[in-house]
There are 2 protein chains.
Amino acid sequence: MYIHIFVTSFETRPRVRIEDEIKQQQFKNEYQKAYINLMLTSSRLQVQQAALFKPFGLTLPQFNILRILRGQYPKPATISLLIERMMDKTSNASRIVDRLEAKELVTRKQCPNDRRTVDVLITEKALALLKKMDGCEGGRETGIANLTDSEARELNRILDKIRT
Amino acid sequence: MYIHIFVTSFETRPRVRIEDEIKQQQFKNEYQKAYINLMLTSSRLQVQQAALFKPFGLTLPQFNILRILRGQYPKPATISLLIERMMDKTSNASRIVDRLEAKELVTRKQCPNDRRTVDVLITEKALALLKKMDGCEGGRETGIANLTDSEARELNRILDKIRT
DNA sequence: GTACATTAAATGTATATACATATATTTGTG
DNA sequence: CACAAATATATGTATATACATTTAATGTAC
């Protein structure tokens, strides 16, 4: 997975388990610890999620695009719409669609109404693939499942506050 | 920043602010919501952190390596040690060191004791740079600062549980 | 001490991010 | 209508991740 971890604190100790690393740390304060903890945890979850996806031959961004396209189906989506929904505006939807097209998971053709735009449509093959993948999604098979329902709720509240 | 967001839910609505996106969602459960929320939040924080680093001409992985090297200073570090401490075992320390070397922020020379290994040493130039950067670190200037101390503590507890 | 395994680092390739620029088309304004 | 601005997509380049392979040096077994 792709994540940059900005860690100021792993400078002087040997590596053990990541959680041990953190526990041994002396952080400047709870905020710094929370920051690093958040990066580590999201990285960990992404690795778990990617492992679930791997047998199906899709990367996470590719899967994400396919999910958006399925949401539109049977209507096509433009690249702009994909970028909008992807929420990572700087990621490159064109090239991810290139790869999906190469795998015959989407088709791409110029839109007649506005010839600047492209109609991207998910194929039957991709719909079948997604159907098989429904289940290994959304963190239920990751460490998130360790939480109680109220802890998940509290986590959501705190994360919302961070993004406020 | 590099983060893959696995979002099953942004398939049918127009994009507004990310937090609005989430609020409008109907998630399968709190777990799915927490998963997505975690990805979004860490992504957001990384973008904020990267923006702080940009004026100094360093990427986050490069900064991270330099911090490790400063922790070792005046001793050198081998590539193996950097990988160990980076905690992203699959990331490519050799090539990150290449770039730091090109910027004259580290030196690299074969270790005489074990000629397989390389001594990577942080330069004075890099130490001065890091000194200037001390301050824009650890999330204090990011959304983490929105939390109270006890919220940060609770967040840490919950994240630890996820990684258990 | 040679042969084989192990280790350290570098290199190769595919994918993705981050950001700038190019190209084609449409829209808007005079 | 002509021409500039805006829009949609694609392309280029640097960096990083993810993973496999290569190369050199060391360690170990016989």
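Everything quoted here is computed from the prediction, not taken from an experiment. Lettering of chains follows the sequences in order, A, B, ..., and the numbering in each one begins at 1.
Summarising the geometry, the separation between CD on B:Q49 and C1' on C:dT17 is reported as 17 Å, rounded to the nearest angstrom. Per the geometry, CG belonging to A:L82 stands 14 Å off C1' belonging to D:dA10, to the nearest Å. Taking atom CZ on B:F63 and atom P on D:dA16, their separation rounds to 14 Å, with Å as the unit. Rounded to whole Å, the distance from CG on A:D119 to P on C:dT25 is 16 Å. D:dA20 atom C1' lies 10 Å from atom NZ of A:K54, rounded to whole Å. Regarding B:Q46, its CD atom lies at a distance of 13 Å from the P atom of D:dA16, rounded to whole Å. In this entry the distance linking CD of A:E84 with P of D:dT7 reads 13 Å, nearest Å. Per the geometry, CG belonging to A:N64 stands 15 Å off C1' belonging to C:dT15, to the nearest Å.
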Side-chain donor-acceptor contacts of residues 93-102 of chain B below 3.5 Å, not counting sequence neighbours, with atom names and distances?
residue, atom, partner, partner atom, Å
B:D98, OD1, B:R108, NH2, 2.3
B:E101, OE1, B:R108, NE, 3.3
B:E101, OE1, B:R108, NH2, 3.0

Side-chain donor-acceptor contacts of residues 124-133 of chain B below 3.5 Å, not counting sequence neighbours, with atom names and distances?
residue, atom, partner, partner atom, Å
B:E124, OE2, B:Y73, OH, 3.1
B:K125, NZ, B:K103, O, 3.1

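Checked options B:I68, B:L105, B:L66; the residue passing with B:I122 is B:L66 (criterion: side-chain contact (heavy atoms from CB on, under 4.5 Å)).
Judged as a salt bridge (Lys or Arg N to Asp or Glu O under 4.0 Å), and not counting sequence neighbours, the contacts of A:D114 are A:R116. Residues passing the salt bridge (Lys or Arg N to Asp or Glu O under 4.0 Å) test with B:E154 are B:R157, sequence neighbours excluded. In terms of the side chain to side chain contact (heavy atoms under 4.5 Å, CB included) criterion, residue partners of B:S80 (sequence neighbours excluded) are, by chain and number, B:T78. For B:R153, the salt bridge (Lys or Arg N to Asp or Glu O under 4.0 Å) partners at least two apart in sequence or on another chain are A:E30, B:D149.
Summarising the geometry, atom CZ belonging to B:R85 is positioned 10.5 Å from atom CG belonging to B:L69; distances are rounded to the nearest 0.5 Å. Note: B:Y31 OH to A:N146 CG = 9.5 Å, rounded to the nearest 0.5 Å. The OG atom of A:S42 sits 10.0 Å away from atom CG of A:N37, with the distance rounded to the nearest 0.5 Å.
Contact annotation: A:R108 side-chain N/O to D:dA10 OP1/OP2 distance is under 4.0 Å. Taking 4.0 angstrom as the limit, A:S94 places a side-chain polar atom (N or O) nearer than this to OP1 or OP2 of D:dA10. Within the 4.0 Å cut-off from OP1 or OP2 of D:dT17, at least one side-chain nitrogen or oxygen of B:S91 is found. Taking 4.0 angstrom as the limit, B:S80 places none of its side-chain polar atoms (N or O) nearer than this to OP1 or OP2 of C:dT7. For B:Q62, a side-chain nitrogen or oxygen approaches OP1 or OP2 of D:dA16 to under 4.0 Å.
One donor-acceptor pair, N or O on each side, does fall under 3.5 Å between the base of C:dT11 and the side chain of B:N92.
Remark: B:R95 in residues 95-104 of chain B come within less than 4.0 Å of DNA chain C through at least one heavy atom.
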Protein-nucleotides 22-24 of chain C N/O pairs closer than 3.5 Å?
none

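Comparing A:D114 and B:T117, the nucleotide of DNA chain C nearest to each residue sits closer to the 5' end for B:T117.
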